[in-house]
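Input: a single structure, listed below in C-alpha cells.
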Protein chains: 2
Amino acid sequence: MSLASDQARPGAAEKPTLYKRIRLDIETRILTGEWPPGHRIPFEHQLMARYRCSRMTVNKALSELAQADLIERRRRAGSFVRRPQHLSAVLKISDIRAEITALGRSYGYQLIDCRRRTATAADRARLGVSTAGKVIAIACRHSADNVPFAVEDRLIDLSTVPEAATADFAHEPPGSWLLHHVPWTEAEHTISAVVADDRTAKALDIAVGSPCLVIDRYTWRSARTVTAVRLHYPGETHRLVARFKGG
Amino acid sequence: MSLASDQARPGAAEKPTLYKRIRLDIETRILTGEWPPGHRIPFEHQLMARYRCSRMTVNKALSELAQADLIERRRRAGSFVRRPQHLSAVLKISDIRAEITALGRSYGYQLIDCRRRTATAADRARLGVSTAGKVIAIACRHSADNVPFAVEDRLIDLSTVPEAATADFAHEPPGSWLLHHVPWTEAEHTISAVVADDRTAKALDIAVGSPCLVIDRYTWRSARTVTAVRLHYPGETHRLVARFKGG
DNA sequence: CACGATTATATGTCTAGACATATAAGTCAA
DNA sequence: TTGACTTATATGTCTAGACATATAATCGTG
C-alpha cells in the first residue's frame, strides 16, 4: 500500500497518461511477484480513490490487463492475477528478403522452377481444396551474401489469387510478391526437423544427411486458400527465435 | 475450432455488446479485403452516427483494433487499415506433461541425472549470470505411451529459485514444478535442427543421425535468470505448430 | 444440514459532455 | 519555391454519472 509516493518525481520520465500509469503499476506488481497468481487486485472503486480518478479510467487500465491475459476479471468477485496455463511465444517470421537485408547482408534469389498447371490430386490435398483449379508451383532459393539461405517449394492457388498469373517470379520472390498483393491473410505454421535429402542438400550446398529446419506455412484469406509453402533452412546455421510472454 | 460463439438462435444472433459489434464489423471488412491496407476507416463521429452511439463506444472498438495492430490511428488524419510488416505467429509451448495428457496419451517421466553444484563457468555463461551461485543441473526424459517424446537438459539458478533445492525432481518434471512455483516469467525460445548424437539417440531411442528439433528456452523473472533448458524432440514425429495472425 | 430464493456488489457497458494535443492543410511572407 | 506561422480537426484522455448483469453471500425453509 505504499503507492501514494509516485507524484511528480523530478528525475522520472515524461508523465504518461494516468490509465497507462495505473496499468504499469499493476503490471509491475504482478511481474515482480509482489502480487502472485490468485491475488485479488484492489476493486475499481479502491483504485479510483487511490489514483483520484473516475471509474472509466481504472476500468480502461484493467481491461487492457485482462486482454493481455495478465489478470482475470470476475463479476461480483473482483479481478485476480492469472496463472498462465502454457507459455506462448510470439514467433516473428519475416519475409525472407526483408529478414536478410535487415541483417545487413546482400539478398540473392534464384528461381529454380515455375510452372502453371491444373491442380493435381496432390496439389489439392496440399492446398486443402476440393475443386481442381489452376495453380502455380514454384521452386526457388534464397541466399545471403551468396550463401544459400533457404530453399522454397510453393504452391499458389490461382483461383484465390488470379493476379499471380501475371507476376514475374523470375525476379521477385513469391513470398514478397504475395506479401504486397495479398494483405491480411491468416496462416498456420508447422515447424519440424529433417535431414537433407539429395535435392535439398544440393540446393543448400550442404552435405546429404545434414539437419534442416523445415517450416510449412499454409495461408488463407477469409476461408479461401492462398498458398502453401515449405521452406528448408540449413539447421546448423539458421535459428528461429521466439520471444516474450510467458508463465 | 469453432468459427463463432453464436448462441443457439440461428436467425438473429444473440446481440453482443455494441462496441464488439462495431469492432467485428470493421475487422470483417479488413479481413475480407473490402477495406484494403491504407484505406481510411470512417471517422469516429461518422461511426457515432452510423451506430447511433457515443464517441466513447466507437473509440473503444477502434482502440482494440489498434491494439491488435489491425489499424493505425493518426491524430487529425484518421484511422487506417495497416499493412502488416511481417507475419508473426503465436507459438504455444505447453508444459510437456500437459501437452501429452491433452493428447489423451499416458505421460511418463524418467529422471536421468540431477545434481546440485556451484555454477561452473559454462553454467554461468549458459544462464547469463556473472556471479557463481548454486545451480541444479537436470537431465530427464519425457515419454508418451512409453515412447520417448523428448529429452531435457536443464539448469536452474538456485539464487533466483531457492525453493527448487527442496523439490523432488525424481517424480515431478522440473518444467511442471517451475510452472507452478515460479509464475509470470518471461522467456526466449530458439528453435533449431540438429542430427542426433550418440547420447541423444540412445535417450530418444532413435538412430544416430536422425533429425532432431531443438528448443532452447531461456527464462527470467524481472531481470533475474530462472532457468535455461534445451529440449530435443525426434524431428520426424514431433511438430511445432504456430498459428494465426498474419499479413 | 441441504438447497432454493433473495440480496448485495463488482464488473460490463454506455452516455454526453470536456479539454488536451498532434498534425494536415491552408496562409502568407521572403 | 520555400519556409514559417496559423488554423481546423481527429484522435487521446478523462469525468461523473447511469443501468445491466452475473454471481458470491446471505437468508429462509424444508
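So that the names make sense, note that chain A is the first sequence line, chain B the second, and so on, each numbered from 1.
- Judged as a salt bridge (charged side-chain N to carboxylate O under 4.0 Å, His left out), and not counting sequence neighbours, A/R75 has no contacts.
- Residues satisfying the side-chain contact (heavy atoms from CB on, under 4.5 Å) test with A/F43, not counting sequence neighbours, are A/R40, A/H45, A/Q46.
- Under the side-chain contact (heavy atoms from CB on, under 4.5 Å) criterion, B/A66 pairs with B/I71, B/R73, not counting sequence neighbours.
- Scanning for side-chain contact (heavy atoms from CB on, under 4.5 Å) contacts around A/T160 gives A/D157, A/R224, A/V226, with sequence neighbours left out.
- The ring-ring contact (aromatic ring centres under 6.0 Å, His included) check on A/W177 picks up A/F169, A/H181, with sequence neighbours excluded.
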With 3.5 Å as the limit, what N/O pairs link the protein to nucleotides 24-27 of chain D?
residue: D/dA24; atom: N3; partner: A/R76; partner atom: NH1; Å: 3.0

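- Residue order along DNA chain D, read from the 5' end via each residue's closest nucleotide, puts A/K20 first among A/R55 and A/K20.
- Applying the salt bridge (charged side-chain N to carboxylate O under 4.0 Å, His left out) test to B/R217 and every residue at least two apart in sequence or in another chain returns nothing.
- Other residues, nucleotides and ligands place more than 12 heavy atoms under 6.0 Å from the CG atom of A/D168.
- Applying the salt bridge (charged side-chain N to carboxylate O under 4.0 Å, His left out) test to B/R50 and every residue at least two apart in sequence or in another chain returns nothing.
- Within 4.0 Å (heavy atoms only), B/S79 reaches sugar-phosphate atoms of the nucleic acid but no base atom.
- Every residue meeting the side-chain contact (heavy atoms from CB on, under 4.5 Å) condition with A/S222, not counting sequence neighbours, appears here in chain and number order: B/T32.
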Please list every donor-acceptor pair under 3.5 Å in which a side-chain atom of residues 96-104 of chain A meets a protein atom from a residue at least two apart or in another chain.
residue: A/T101; atom: OG1; partner: A/R97; partner atom: O; Å: 3.0
residue: A/T101; atom: OG1; partner: A/A98; partner atom: O; Å: 3.2

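- Near DNA chain D, meaning a heavy atom under 4.0 Å from it, residues 36-53 of chain B has B/F43, B/E44, B/H45 in order of number.
- Residue contacts for B/L18: at a heavy-atom cut-off of 4.0 Å it reaches the sugar-phosphate backbone alone, with no base atom in range.
- In 5' to 3' order, the nucleotides of DNA chain C bounding all contacts with chain B (an atom under 4.0 Å from a heavy atom) are C/dT13 to C/dA25.
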